[in-house]
Amino acid sequence: MIAKVIVDVAVNQTDRMFDYLVPPEFEQTIVPGIRVNVPFGPRKVQGFVIAIAEDSEYDSSKIKPLAELVDLKPPLTEELLALSTWVKDNTLSFHVTVLKTMLPAAMRAKYDKRLSIHESLDEGEVPESIQPFFPETNEIESWEKWSKDASELDKKVMMTAIKEEVVLVTPLVKTSDSVKKQQIVNLMVSKKDLEKAIESTPSRAIKQVKLLEFFISHFEDESEYTLTALLEKADVSRDTVQSLRKKNLVSIEEKAIARDPYEGRTFVKSEPLPLMEEQQTALDPILDSIHQENHQTFLLRGVTGSGKTEVYLQAIDQVLKKGKEAIVLVPEISLTPQMVTRFKERFGSRVAVLHSALSKGEKYDEWQKIREGKVDVAVGARSAIFAPFEKLGIIIIDEEHETSYKQEESPRYHARQVAIKRGEYYKAPIILGSATPSLESYARAKKGVYTLLTMENRVNHVKMPEVSIIDMREELRSGNRSMFSESLVKGISDRLEKREQTVLFLNRRGYSSFIMCRDCGYVPQCDHCDISLTYHRTNQSLQCHYCGHSETIPSICPECQSDSIRFFGTGTQKVEEELLKVFPEIRIIRMDVDTTRRKGSHEKLLRQFGEGKGDVLLGTQMIAKGLDFPNITLVGVLAADSMLHLPDFRSGERTFQLLTQVSGRAGRHLKPGEVVVQTYTPDHYSIEDVKSHNYLSFFEKEMGIRKQGGYPPYYFLVIIHVSSEQLDQVVSVTEKITHFLQRELSDQTFVYGPVASTIPRIKDRYRYQCMIKYKVEPKLTNTLQEVIKTYQSETTRSSLAIHMDMNPYMML
DNA sequence: AGCACGCCGACT
DNA sequence: GTCGGCGTGCTC
């Protein structure tokens with residue numbers, strides 16, 4: 001029996017199946033999806049069994065048997081296995097990379113080596129030089145650990161000993177199973193035997209006697225203790241228990257226990273809420289699709305506050321009643337306790353939550369609950385799309401326009417695409433929900449590829465907030481040089497009086513803080529990347545945003561020796577200072593990367609604000625979503641156009657989405673909301689249409705721009721990134737690739753480039769790119785694969801790297 | 001990726 | 001004369 005294995009070596013040359021002989025003792029257990037450890041050349045690696053075959057095409061004398069099974073049950077289902085192939089083909093990734101991203105981080109293999117003194121050597125024969133390395137045993141269990149705090153000299157000595165075969169190296173593959181384990185102590189003998197044991201225990205072993213007496217006096221109560229509990233109850237030390245174990249009176253075994261990240265929290269069960277007519281109209285076709293088991297993709301466009309979540313909840317409820325399962329994707333940033341609570345309250349312990357604030361181990365446990373069928377709803381960020389359910393009945397993607405659904409590293413998959421693929425397999429509906437759908441999705445809905453569902457009104461007829469656009473040029477002209485417009489100041493003071501709350505949103509992109517010489521205009525740059533250094537106030541340093549390089553702030557300009565080198569840019573700290581100047585008494589809660597770095601501080605700050613401990617919540621992107629407090633009646637956007645001028649064709653779309661999202665934070669309940677948007681380009685449609693809450697108008701205008709520029713959704717894009725330490729190599733390779741693509745691809749396809757990337761150098765690597773625009777291109781995948789193959793040897797031998805991004809979201 | 005095999009310069 | 005540099009090629 002032969003196992004076809006994808007080995008955990010993510011390079012071109014090994015990105016295919018390798019055949020291994022299945023030893024007879026594994027034949028019963030082995031199935032596709034199981035992980036195995038296999039000999040691979042001189043070392044041992046982990047791999048995924050993709051298929052089982054009777055025999056192999058490969059030279060049978062060269063086929064090695066696989067070493068061991070890592071799993072008894074496959075962590076990946078047949079469906080996910082098939083999906084992995086589809087994802088790798090559609091993202092041009094290595095197969096293992098995809099397989100590994102389908103598993104929780106805790107299940108990824110770790111490689112280490114064990115060192116041991118060669119068995120044939122007698123004690124006297126061990127060279128003195130290495131004796132201190134092996135003080136107790138003849139083994140060093142982990143090379144990794146040992147070499148970490150060994151001196152360079154020690155390492156050299158060890159290497160020599162390895163070479164002389166005095167020390168033997170055994171490669172190890174560990175699945176860092178971060179399963180939380182509990183030591184369980186079991187009594188192995190009868191009461192009588194315990195009494196006998198006391199007699200035979202030397203009287204100086206007081207502790208052992210004490211423990212034995214404890215066991216006797218509690219014999220009827222329990223025969224099994226967790227080690228920690230036992231140590232406490234019997235008041236003995238770990239060693240004492242070990243002594244009894246050596247005498248075979250007790251056994252100690254490790255037992256995996258599941259953590260519950262929400263342990264101790266109680267959730268009040270919630271009942272389905274009565275639906276508004278619009279909600280019901282949206283829900284009905286979804287329910288039909290669930291009952292008829294016909295896969296369909298719905299695009300649910302519902303304005304902020306229209307009650308999309310309730311529609312999701314009731315659709316899921318129906319799915320669960322049919323004995324099926326549901327995946328709900330939420331952007332990481334809005335995976336807040338508020339959101340999780342709503343699902344927990346409705347579905348209780350049947351919900352698993354996967355998000356980045358959980359520890360590796362906690363994520364693993366949540367994942368296991370899904371795999372073992374203990375839950376039937378998974379709520380999580382992007383990677384939760386790979387939740388190993390086997391009876392999927394629905395997939396919901398909330399805020400479907402969010403760019404975080406596209407993974408920015410290999411495999412560069414988009415969760416929406418994967419969702420639809422899984423939906424097809426399970427004949428299950430997909431719901432894409434958003435107040436501001438991506439142009440791609442809305443265009444597909446208009447074409448009838450997706451089914452469009454619309455909710456134009458807020459629940460309970462709450463009015464949409466009043467949005468005023470403030471022209472900051474006008475403010476300047478009338479003599480206001482501060483960063484707050486007159487209306488905003490008036491708005492804030494008004495809220496202070498009424499004891500209502502304000503949210504101030506500063507979009508920091510394009511506004512990074514930097515240092516500039518006022519005399520000659522010199523801006524300190526990173527030595528390794530072509531980018532300005534960012535000013536960090538906390539440790540008074542200049543840091544590179546891309547490579548982490550850090551230097552001190554110069555007191556005089558290195559170019560012109562002038563001393564008027566100053567800090568520029570607008571950060572939340574600056575806004576806070578300015579705001580305090582206007583309102584000395586105001587209580588500000590600031591949320592940005594600096595104040596939310598510590599785990600849980602994000603939630604803490606939000607809770608404080610919710611409890612009314614602040615008048616103003618000031619923050620960046622992270623406050624745009626999920627925030628739902630009844631007392632917020634004013635939202636101020638300080639610089640609405642800061643992202644509008646980024647070199648990205650989606651900048652208009654992002655601006656509209658973000659502004660709409662932020663505006664949606666105001667007046668969600670009884671009190672009416674007001675939004676003040678400050679901008680230097682008040683006439684831009686991305687800003688104007690926010691005022692009128694008119695998605696359709698924005699959509700039409702933006703579509704026009706896309707059509708004109710030949711951008712999605714009219715064309716598909718591929719970006720090929722080429723980087724190397726040698727500039728000449730990058731340029732020539734990118735040029736050759738561009739020409740090759742121009743030659744190979746059809747006439748209706750456009751190939752642009754080569755051009756230097758927006759950041760032409762990062763970490764001393766030069767970066768170039770070329771871009772493909774196409775509508776239909778059957779040869780695309782093959783041609784791109786050919787490019788990878790052509791440069792295969794060059795990428796392994798030199799520093800050259802080629803990355804391909806299908807349907808990119810980041811144009812940088 | 002690792003790791004071994006294999007062919008040319010500075011050292012015991 | 002050997003040790004060791006890293007170029008080349010393979011892993012079932």
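Everything numeric here is computed off the predicted structure, so don't read it as measured data. Below, chains carry the letters A, B, ... as their sequence lines are ordered, and counting in each starts from 1.
- With centres under 5.5 Å and a plane angle under 30°, the ring of A:Phe40 is stacked against the base of C:dT11.
- Of the possible polar contacts, none joining the A:Gln729 side chain to the A:Gln726 backbone as a donor-acceptor pair under 3.5 Å is found.
- With rounding to whole Å, A:Lys44 atom NZ is found 14 Å from C:dC12 atom P.
- Across the protein-nucleic acid pair, A:Asp15 atom CG and C:dT11 atom C1' stand 14 Å apart, rounded to whole Å.
- Separating the CD atom of A:Gln792 from the P atom of C:dC10 is a distance of 12 Å, rounded to the nearest angstrom.
- Look at NE2 on A:His95: it is 20 Å from P on B:dA1, rounded to the nearest Å.
- Remark: A:Arg422 fails to qualify as a cation-pi partner of A:Tyr426 under the 6.0 Å distance and 45° angle criteria applied to the six-membered ring.
- To the nearest angstrom, C1' of C:dC12 lies 10 Å from CG of A:Leu21.
- The shortest distance between the side-chain N/O atoms of A:Lys62 and the OP1/OP2 oxygens of C:dC12 is not below 4.0 Å.
- Side-chain contact check for A:Val755 versus A:Tyr768: every heavy-atom pair is 4.5 Å or farther apart.
- Side chain of A:Pro42, nearest nucleotide from B:dA1, B:dC3, C:dG9: B:dC3.
- The base of B:dA1 is paired with the side chain of A:Arg43 by a donor and an acceptor separated by under 3.5 Å.
- For the pair A:Tyr20 OH and C:dT11 C1', the interatomic distance rounds to 7 Å; values are reported in whole Å.
- Between the CZ atom of A:Phe18 and the C1' atom of B:dA1 there is a distance of 12 Å, given to the nearest Å.
- To the nearest angstrom, C1' of B:dG2 lies 14 Å from CZ of A:Arg797.
- Side-chain atoms of A:Arg412 come within 3.5 Å of backbone N or O of A:Glu408 as a donor-acceptor pair.
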